[in-house]
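Structure, as structure tokens:
Order of the sequence lines fixes the chain letters, A, B, ..., with proteins taken first and strands second; residue numbering starts at 1 for each chain. In this text the structure is predicted, and so the values were computed from the model without any measurement.
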Amino acid sequence: MSDRPIHDSEAKWQEKWEKEGVYRAEDRTFPDQPHPNPLLRKERGSKFYGLIEFPYPSGDGLHVGHPRSFTAIDIFTRKRRMEGKNVLYPIGWDAFGLPTENYAIKTKTAPAIVTAQNIANFTRQLKSLGLGFDWSREVSTADPAYYKWTQWQFLQFVKAGLAYKAKSTINWCPKDKIGLANEEAQGGVCERCGTAVEKREKEQWMIKITKYAERLLKDLDTVDYLDRIKTQQVNWIGKSEGATIRFQVSGFRFQDGIEVFTTRPDTISGATFLVIAPEMAEAWMRDGWEPSEEVEKYVAMASRRSEQERAGAEREKGGVSSGLKTINPATKKEIPIWIADYVLASYGTGAIMAVPAHDERDDAFAKKFHLPGIFVCTREKDWSLEKAVNRSIEWLEKEGVGKRATTYKLRDWVFSRQRYWGEPIPLVHCESCAKKKQKVLLIHGFEGSAESNWFPWMKQELEKHGFEVFLPTLPDSSHPKFEEWMAALEPIIKQFGEDDIIVGHSLGGRSILHLLSRLKKRIGHVYLIAPAVWEKPLNWNEIKKDPNWEGSDVDTFRVFHDHAVSWEDARPYADRKTIIFSDDDPYVPVQDHSTIPAGWFIQTLHQKGHFNHTEYPELLELILQSKNTGWIPLPDDQLPLKLPEVEAYEPTDTGESPLAKIRLWVETTCPKCGGKAERETDTMPNWAGSSWYFLRYCDPHNDREFASPEKLKYWMPVDLYNGGMEHTTLHLLYSRFWHKFLWDMGYVPHECGSEPYRSRRSHGLILAQGGEKMSKSKGNVVNPDDVVAKYGADVFRIYEMFMGPFDQAVPWDTNGIEGVKRFLDKVWGLFNVGAIHELPLPDDGLQILYHQTVKKITDGIDQLQFNTCVSQLMILTNGFQDAGGVPEEYREGYLKLLAPFAPHLTEEIWRTQLSHKDSIHRSSWPSYDPTKIKSATFELVIQINGKVRDRITVATDIAEDEAKEVVLKSEKVLTWLAGKSPQKIVYVPGKLISIVV
RNA sequence: GCCCGGGUGGCGGAACUGGUAUACGCGGCGGACUUAAAAUCCGUAACCCGAAAGGGUGUGAGGGUUCGAUUCCCUCCCCGGGCACCA
């Protein structure tokens with residue numbers, strides 16, 4: 001018997017597979033309509049998209065943890081391929097990031113060069129493992145052809161008003177000299193180096209992920225994630241429902257009072273004082289409040305303290321009286337206002353009402369500062385908590401002192417990094433554009449006027465914010481003539497430019513589409529509010545009968561409406577385009593991107609009616625997002641904005657990115673006005689490029705779009721996504737959010753669904769031999785290269801699957817791997833013993849074992865139970881060995897079951913010994929015969945008083961009476977019964993008989 | 001403190017909707033082959049009592065439901081992970 005071929009054979013097949021394109025995914029067209037609920041959609045159509053978190057190509061090379069996840073999904077996708085699916089299993093590089101930059105600083109090598117070297121090494125390592133990646137789709141986030149689209153997508157956030165620059169307190173790591181997101185500074189220490197973070201004020205780009213909090217929470221119901229992953233997401237989003245209550249402040253010149261958030265408004269009578277966060281007090285001081293010296297001292301001290309110190313071990317509550325008083329609206333009693341840092345500025349409203357009787361923290365604070373803690377229970381004894389809360393909110397709303405409110409722990413995403421090795425943020429700051437006065441044109445609808453609905457209010461509000469507002473009453477709006485309206489509007493728009501804004505309601509919204517495509521003039525931002533553009537052709541006879549339209553001149557409206565509009569034609573002439581629907585509108589139903597082409601940002605406000613009220617603060621808020629800040633997006637044709645080459649990568653002590661030092665790069669011209677402008681010097685975080693890479697895999701070489709809608713429609717959503725638990729809060733949340741936004745914009749086709757991952761699983765860590773974490777400093781790191789060199793890839797793969805349950809942490813065991821090697825040696829031996837004509841014929845036992853194994857592997861892989869799959873394959877292998885060989889009729893099936901686990905060895909046997917031309921990995925998955933899984937007889941277990949006393953072999957289909965009869969005759973049973981008669985006999989078919997005496 | 005996991009032989013771990021606890025692998029022990037060793041193969045193995053047949057005990061601890069509990073319920077202990085002054 002020859003030795004099992006390893007290294008030469010493995011390398012040979014790896015090359016051959018690549019040449020033959022065995023793992024190449026084939027782009028096809030979208031075959032069928034997916035079910036609207038992704039959970040029920042299952043794996044639709046002919047495709048299967050399996051995804052692993054693309055690795056960060058660190059200088060240390062592949063860790064043994066990477067192959068655990070990669071091999072698992074490799075096995076899964078190989079099986080799907082053999083089941084006839086068109087499989088996409090791609091690989092790429094999360095290539096931007098700090099370690100590379102730090103290495104570059106140390107060695108004075110360009111990060112791009114370091115990255116290229118690391119990628120080459122990772123590629124070599126991954127290829128040596130025989131993973132069935134489609135290498136033709138390889139992407140790298142640091143490749144300008146890739147980050148062009150990361151930048152472009154970021155600009156879509158800017159244009160939709162979801163990105164903004166704000167001065168915020170950031171977590172500053174003094175060692176790495178970098179601002180960290182809250183998520184990266186958990187526990188008050190830097191995630192990377194463990195140094196305690198400081199608080200610093202810095203202008204940062206932020207993305208409004210909080211706007212998506214509710215959807216990110218609710219849509220978890222539509223995906224199949226591991227429960228603990230869902231739980232972590234839910235906790236991270238941290239929704240709480242309750243009320244905001246406004247407390248009037250006597251003697252303070254800000255008339256708005258103080259708003260607090262509480263989940264227990266029913267306890268308001270017990271509120272004996274208010275507490276505000278020091279940051280709030282600081283803000284008041286900036287606005288002119290002059291507190292006592294003591295307060296000033298306290299606030300200054302609190303702002304110096306880091307989050308970590310504030311949340312520190314003892315949690316000794318500090319605070320100071322503000323000297324201000326307010327009135328408890330329930331008891332009408334005067335209560336004091338305190339300032340204390342146990343109240344967080346960033347949660348709720350930054351202020352609380354303290355109810356010592358109900359809240360431990362308030363109680364501790366009250367005791368320490370000798371504040372009153374009266375207990376007044378407003379809750380009727382038999383009310384549930386929910387009812388009490390609801391009643392109290394009703395009372396607050398009736399009194400006009402408070403209202404129902406929901407808050408989330410989730411904060412906006414701090415998107416800026418003051419570092420070199422990341423995507424440059426493609427914005428320039430133009431002083432002269434910032435100063436320009438912007439025009440707004442408000443267009444009313446059918447039967448409207450400058451005095452109707454919310455127009456007068458909106459005009460006034462916008463003027464307060466410095467806009468020049470045009471609000472014409474259009475001719476004869478009850479009997480609108482198309483050309484007359486156009487003639488009234490066109491001269492106004494002719495004065496408009498790329499900074500200006502048009503807002504149209506209903507028929508006015510429809511008119512915007514006409515105006516843009518007629519005038520072909522570029523406008524800044526258009527808002528179509530419940531635009532009179534319907535998804536389906538209108539049935540005019542029905543409209544005439546509709547009571548909502550009663551008394552209206554439907555015929556004239558119809559003539560106007562017959563002038564066709566096109567979303568597509570209008571699209572190029574407005575830089576930003578927002579459509580707003582009300583979700584309960586009698587005239588205009590909510591539309592989505594199945595009818596409106598990509599590029600329009602569709603928002604649905606939870607409003608009743610057709611926007612006929614006099615005030616809409618939400619609309620105002622949206623329009624104010626178009627207010628020019630002087631930050632100008634680069635036009636698409638100037639993307640990618642490439643990272644300039646620099647000599648020194650050190651971040652600066654001032655907190656600015658190294659890019660700020662390159663004046664030649666920073667100084668540029670404004671793409672809008674052509675004047676002098678300066679580039680943004682911050683770069684994007686790692687989370688940016690990894691938020692959409694799964695979309696790029698669908699169409700990795702596209703240079704006109706980040707991915708074509710056709711390809712996205714075919715491949716998305718990802719069917720199975722596996723990654724580490726360390727990414728279940730941040731990466732998973734960010735990428736879900738990013739994807740939802742692109743979906744909202746229509747760039748991800750509607751058919752894909754708004755959730756990127758149909759299912760998400762997680763693998764456990766691989767620990768070092770003793771059970772502790774692997775780390776370089778402990779010197780207990782196992783290098784995959786060494787394992788592959790010694791045993792080959794097949795053994796390495798199977799060992800990693802066999803170690804323990806996939807989702808649990810397991811320690812590496814040098815001895816354990818030997819068993820796997822023996823297993824594959826045995827397999828090889830089975831195909832090398834004697835001549836083929838000496839093969840045994842299958843007996844009953846072997847037949848059952850084979851069919852059971854097929855079933856077990858078929859189900860087991862789908863459930864990611866790889867460890868038990870391997871043991872079952874070992875059992876079958878032992879069975880064949882005992883029988884003296886593999887019976888002819890099981891040879892191919894057996895090999896195929898093994899193929900996903902040991903792709904090289906099985907291919908070697910398949911092609912060399914069984915003389916197949918095509919790869920085993922493109923063969924079909926074996927099936928089993930359910931009737932051959934059960935044996936004709938089984939061992940009936942006999943229990944007497946719960947103890948096993950005998951076993952009798954009986955026919956599988958034995959009847960209950962017959963079984964009982966046989967059992968009661970058994971000698972052992974008679975002995976144990978000792979003459980007594982059974983009180984009860986329980987029969988479990990196919991299993992046992994339990995006799996109670 | 002709160003929320004998730006998880007505690008099964010010497011070790012990694014199996015056990016379907018409650019139904020023979022310890023599959024498979026490692027390691028151990030005994031044997032075969034060999035001059036010898038390695039490799040391979042065969043056998044053995046939870047613990048206690050017993051020469052054996054056999055009996056008893058046993059899935060972190062205690063209790064409960066059940067003819068029957070690793071599995072379901074209650075209380076508690078330990079380990080791992082996440083969140084943590086979130087009003």
Side-chain angles (χ1 to χ4, degrees), chain A residues 1 186-187 226-232 234-236 238-240 242 260-265 267 271 275 307 310-312 315-317 340-344 346-355 358-362 364-365 407-410 725-726 728-729 764-765 767 769 771 798-799 802-805 807-820 822-823 825-826 829 856 859 865 867-878 881-882 938-951 982-997:
Chain A
M1 186 177 90
Q186 287 174 39
L226 231 51
D227 278 346
R228 59 195 163 121
I229 297 178
K230 274 192 194 183
T231 311
Q232 279 197 29
V234 168
N235 292 345
W236 193 262
K239 179 178 182 172
S240 331
V260 303
F261 174 77
T262 176
T263 53
R264 292 294 303 277
T267 64
V275 189
E307 285 279 336
R310 269 172 75 162
R315 280 186 193 160
E316 179 65 26
K317 295 206 175 351
D341 64 5
Y342 83 92
V343 173
L344 305 176
S346 49
Y347 181 76
T349 60
I352 62 157
M353 60 177 205
V355 186
H358 271 278
D359 187 290
E360 265 178 47
R361 296 155 300 173
D362 297 344
F365 191 80
T407 62
Y408 300 87
K409 278 195 255 182
L410 186 69
M725 282 307 285
E726 69 275 20
T728 46
T729 39
L765 286 176
L767 307 169
Q769 187 117 356
I798 295 177
Y799 177 61
F802 186 56
M803 296 170 83
D807 58 355
Q808 257 166 247
V810 280
W812 186 269
D813 178 11
T814 322
N815 291 323
I817 201 162
E818 291 285 346
V820 174
R822 275 173 221 160
F823 164 54
D825 286 346
K826 255 187 232 180
K856 199 142 185 196
D859 300 344
Q865 293 162 348
N867 55 333
T868 52
C869 284
V870 174
S871 79
Q872 185 65 32
L873 287 166
M874 286 173 170
I875 293 169
L876 181 64
T877 302
N878 291 344
Q881 175 146 307
D882 293 345
F938 75 99
E939 208 170 60
L940 181 69
V941 169
I942 302 165
Q943 291 185 349
I944 295 169
N945 286 344
K947 297 219 159 83
V948 178
R949 295 304 183 189
D950 200 4
R951 298 151 213 259
Q983 293 179 359
K984 189 173 177 183
I985 302 178
V986 181
Y987 176 66
V988 184
K991 293 260 156 79
L992 53 72
I993 275 191
S994 181
I995 300 168
V996 192
V997 186

[atom1] atom, [N] versus [M]: distance in rounded Å?
N: B/rC73; M: B/rG27; atom1: P; value: 39 Å
N: B/rG9; M: B/rG28; atom1: C1'; value: 12 Å
N: B/rC24; M: B/rG43; atom1: P; value: 12 Å
N: B/rU34; M: B/rU44; atom1: C1'; value: 23 Å
N: B/rU17; M: B/rG13; atom1: C1'; value: 23 Å
N: B/rA15; M: B/rU70; atom1: P; value: 16 Å
N: B/rC67; M: B/rG62; atom1: P; value: 23 Å
N: B/rC29; M: B/rC3; atom1: C1'; value: 47 Å

Does [X] place a side-chain N or O at less than 4.0 Å from the phosphate oxygens OP1/OP2 of [N]?
X: A/S240; N: B/rA87; result: yes
X: A/Y342; N: B/rA87; result: no
X: A/N878; N: B/rG25; result: yes
X: A/Q881; N: B/rC41; result: yes

Just the table, please: protein N/O against nucleotides 26-33 of chain B N/O, every pair under 3.5 Å.
unit_1, atom_1, unit_2, atom_2, d
B/rC26, OP1, A/R822, NH1, 2.6

Should [N] form a Watson-Crick or G-U wobble pair with both distances under 3.5 Å, which nucleotide is its partner?
N: B/rC24; answer: B/rG12
N: B/rC47; answer: B/rG56
N: B/rU35; answer: none

Just the rounded figure in Å: distance from [atom2] of [N] to [atom1] of [X].
X: A/I229; N: B/rG5; atom1: CD1; atom2: C1'; result: 12 Å
X: A/W812; N: B/rC11; atom1: CH2; atom2: C1'; result: 16 Å
X: A/Y347; N: B/rA87; atom1: OH; atom2: P; result: 4 Å
X: A/I352; N: B/rA87; atom1: CD1; atom2: C1'; result: 5 Å
X: A/F261; N: B/rA87; atom1: CZ; atom2: P; result: 7 Å

For the backbone of A/V997 and the side chain of A/N945, can you confirm whether one donor and one acceptor N or O come within less than 3.5 Å of each other?
yes
Sub-3.5 Å pairs of nitrogen or oxygen atoms, protein against nucleotides 13-17 of chain B:
unit_1, atom_1, unit_2, atom_2, d
B/rA14, OP1, A/N867, ND2, 2.8
B/rC16, N3, A/K991, NZ, 3.4

Considering residues at least two apart in sequence or located in another chain, which fulfil the side-chain contact (heavy atoms from CB on, under 4.5 Å) criterion with A/K947?
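So A/K947 forms a side-chain contact (heavy atoms from CB on, under 4.5 Å) with A/R949.
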Going through the distances and angles, do A/T729 and A/Q232 end up as a side-chain hydrogen bond (donor to acceptor under 3.5 Å, both in side chains)?
CA-CA 6 Å; A/T729 39; A/Q232 279 197 29; 4.9 Å; no
Give [X] one of three labels, base, sugar-phosphate or nothing, depending on what nucleic acid heavy atoms sit under 4.0 Å from its own.
X: A/K826; answer: sugar-phosphate
X: A/E939; answer: base
X: A/M725; answer: nothing

For B/rG64, does the O4'-C1'-N9-C4 (purine) or O4'-C1'-N1-C2 (pyrimidine) torsion place it in syn, i.e. within 90° of 0, or in anti?
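Anti conformation here, the glycosidic angle of B/rG64 being more than 90° from 0.
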Between the protein and nucleotides 54-59 of chain B, list every N/O to N/O distance that falls short of 3.5 Å.
unit_1, atom_1, unit_2, atom_2, d
B/rG56, OP1, A/R949, NH2, 3.3
B/rG56, OP2, A/R949, NH1, 3.2

If each of A/D227 and A/I875 is mapped to the nucleotide of RNA chain B with the nearest heavy atom, which maps nearer the 5' terminus, i.e. the 5' end?
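With A/D227 and A/I875 compared, the 5'-side residue is A/D227.
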5'-most contact on RNA chain B (nearest-nucleotide basis), A/Q872 vs A/M353, goes to A/Q872
Distances under 3.5 Å only, N/O to N/O: pair up the protein atoms with those of nucleotides 63-73 of chain B.
unit_1, atom_1, unit_2, atom_2, d
B/rC67, OP1, A/K984, NZ, 2.8
B/rC67, O2, A/S994, OG, 2.7

Suppose we screen for ring-ring contact (aromatic ring centres under 6.0 Å, His included). Which residues come up paired with A/F365, at least two apart in sequence or across chains?
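Counting only residues at least two positions away or on another chain, A/F365 forms a ring-ring contact (aromatic ring centres under 6.0 Å, His included) with A/F273, A/W338, A/Y342, A/F369.
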Kindly indicate whether the side chain of A/V948, heavy atoms from C-beta on, has any atom under 4.5 Å from the side chain of A/I942.
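A side-chain contact under 4.5 Å is absent here.
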Where the side chain of A/D882 is concerned, which of B/rC24, B/rA87, B/rC42 is the nearest nucleotide?
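Side chain of A/D882 sits closest to B/rC42.
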